[in-house]
Number of protein chains: 2
Amino acid sequence: MRDIARATGMLPGSIYYHFASKDALLVAVYAEGVQRIAGRVDRVVAAQTTPLKRLEAACVAHLEMLLADSDYAQVVVRVLPQDVPAASARLTALRDDYEARFRRLIAALGLPRARRRYARLTLLGALNAAQSWYRPGGDAPARIARGILACLREPLEAAKR
Amino acid sequence: MRDIARATGMLPGSIYYHFASKDALLVAVYAEGVQRIAGRVDRVVAAQTTPLKRLEAACVAHLEMLLADSDYAQVVVRVLPQDVPAASARLTALRDDYEARFRRLIAALGLPRARRRYARLTLLGALNAAQSWYRPGGDAPARIARGILACLREPLEAAKR
DNA sequence: CGTAATACCAAACAACCGTTTGTTTTTTGA
DNA sequence: TCAAAAAACAAACGGTTGTTTGGTATTACG
């Protein structure tokens with residue numbers, strides 16, 4: 001709280017005029033982060049027409065936000081609802097609401113029902129994990145997103161070259 | 001440190017006879033966790049002969065350790081090297097050493113070079129993410145591991161039912 | 001203009017944190 | 001058996017933490 005106060009040019013106590021507690025501030029930042037990512041994803045998805053193009057656009061936007069807007073994204077990805085018992089329900093709701101976008105995008109692909117859930121969890125898990133191994137020098141976020149999506153599109157055992 | 005002392009029946013200061021600092025203790029737990037997971041993975045991999053069976057066995061063992069032996073696994077998965085600057089090199093080395101197993105297992109599949117890296121990162125990212133959404137009621141760890149691996153084996157756009 | 005809401009300051013509170021120091025108990029081995 | 005090494009205790013250290021309280025500028029508005 002003292003670090004945040006210094007960064008905003010306030011004294012620590014002044015924060016409590018705006019937020020009831022540290023946890024409440026955390027939730028506000030989390031919500032803002034989710035909203036920023038969701039906003040961008042929604043925008044780029046709307047610009048595409050085929051189910052696959054829409055999913056790809058979502059993955060690229062998701063990862064670009066995760067790796068660029070890193071302060072908010074760090075909170076959204078690394079803070080798990082169970083880390084903040086006092087707000088876990090609220091955080092879970094925000095996360096579920098966001099991930100529903102990918103549920104719908106994947107459902108549009110026409111996969112068998114049983115595979116949809118794992119496709120979503122695999123995709124989001126792999127994308128989010130990129131935040132921990134990404135280094136600015138290597139592949140650009142958009143390329144990484146497409147690389148991960150390609151792993152789900154082209155079978156592992158095919159195409160021995 | 002006080003919680004750990006209580007759990008081990010010691011006073012807080014006594015821990016410092018065994019470990020130089022809190023970070024040193026963290027590294028020791030991390031190393032022990034990696035060793036436990038790696039040991040089990042190595043054992044089950046050795047029992048399989050084909051490249052694909054070996055990779056599948058590794059995924060199942062990895063996830064079973066992650067979801068069952070949850071105290072050590074929690075440390076190994078959630079603590080990132082950059083979280084502990086004083087020990088980040090040591091943690092990175094441990095993690096790289098473990099993940100090299102998957103690098104080799106995937107290389108044995110005969111994928112084109114360019115795809116191997118993303119296949120590994122996608123697979124490990126998706127498996128590790130399961131730790132945050134897994135709930136004891138649902139699919140068993142082994143089934144989840146196979147479900148995730150199936151996402152990389154069967155193309156996304158195929159098999160409309 | 002003046003008053004009331006808004007925003008922030010100044011200072012402290014109590015609890016908690018990782019760690020150190022000197023001492024005592026327990027275990028080991030010659 | 002008895003000295004030495006190992007292990008744990010007892011108590012505190014200085015610093016950090018989230019938060020509260022009462023006062024003070026600043027702004028908005030009837």
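All chains are named by letter (A, B, ...) in the order of the sequence lines, taking the proteins before the strands, and each is independently numbered beginning at 1.
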Working for side-chain contact (heavy atoms from CB on, under 4.5 Å), residues A:Leu66 and A:Asn128: CA-CA 8 Å; A:Leu66 234 62; A:Asn128 289 345; 3.4 Å; yes
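No side-chain donor from either of B:Tyr30 and B:Arg90 sits under 3.5 Å from a side-chain acceptor of the other.
One interatomic measurement links the two molecules: OH of B:Tyr17 to C1' of D:dA10, which rounds to 18 Å at whole-angstrom precision. B:Arg6 has its CZ atom 10 Å from the P atom of C:dC16, to the nearest Å. Per the geometry, CG belonging to A:Leu11 stands 14 Å off C1' belonging to D:dT19, to the nearest Å. A straight line from OH of A:Tyr16 to P of C:dC13 spans 17 Å, rounded to a whole angstrom.
Of the residues in residues 18-25 of chain B, B:His18 come within less than 4.0 Å of DNA chain D through at least one heavy atom, sorted by number.
Of the two residues contacting DNA chain C, namely A:Gly9 and B:Arg2, the nearest-nucleotide position lying further toward the 5' end is that of A:Gly9. Nearer to the 5' terminus of DNA chain D, by closest-nucleotide assignment, is the contact made by A:Asp3 (compared with the other of A:Asp3 and A:Gly13).
A close approach under 4.0 Å does occur between a side-chain nitrogen or oxygen of A:Ser14 and OP1 or OP2 of C:dC9.
Taking every side-chain heavy atom of B:Met10 into account, D:dA8 is the closest of D:dT20, D:dA6, D:dA8.
Distance check: A:Arg153 CZ to A:Glu56 CD gives 6.5 Å after rounding to the nearest 0.5 Å. Here A:Ile106 contributes atom CD1 and A:Glu99 contributes atom CD; the two are 10.0 Å apart, rounded to the nearest 0.5 Å.
Ring orientation note: the planes of B:His62 and B:Phe102 are nearly perpendicular, at an angle over 60° on the 30°/60° scale.
Ion pairing of A:Asp139 with A:Arg146 is absent here, as no side-chain N (NZ or NE/NH1/NH2) approaches a carboxylate O to less than 4.0 Å.
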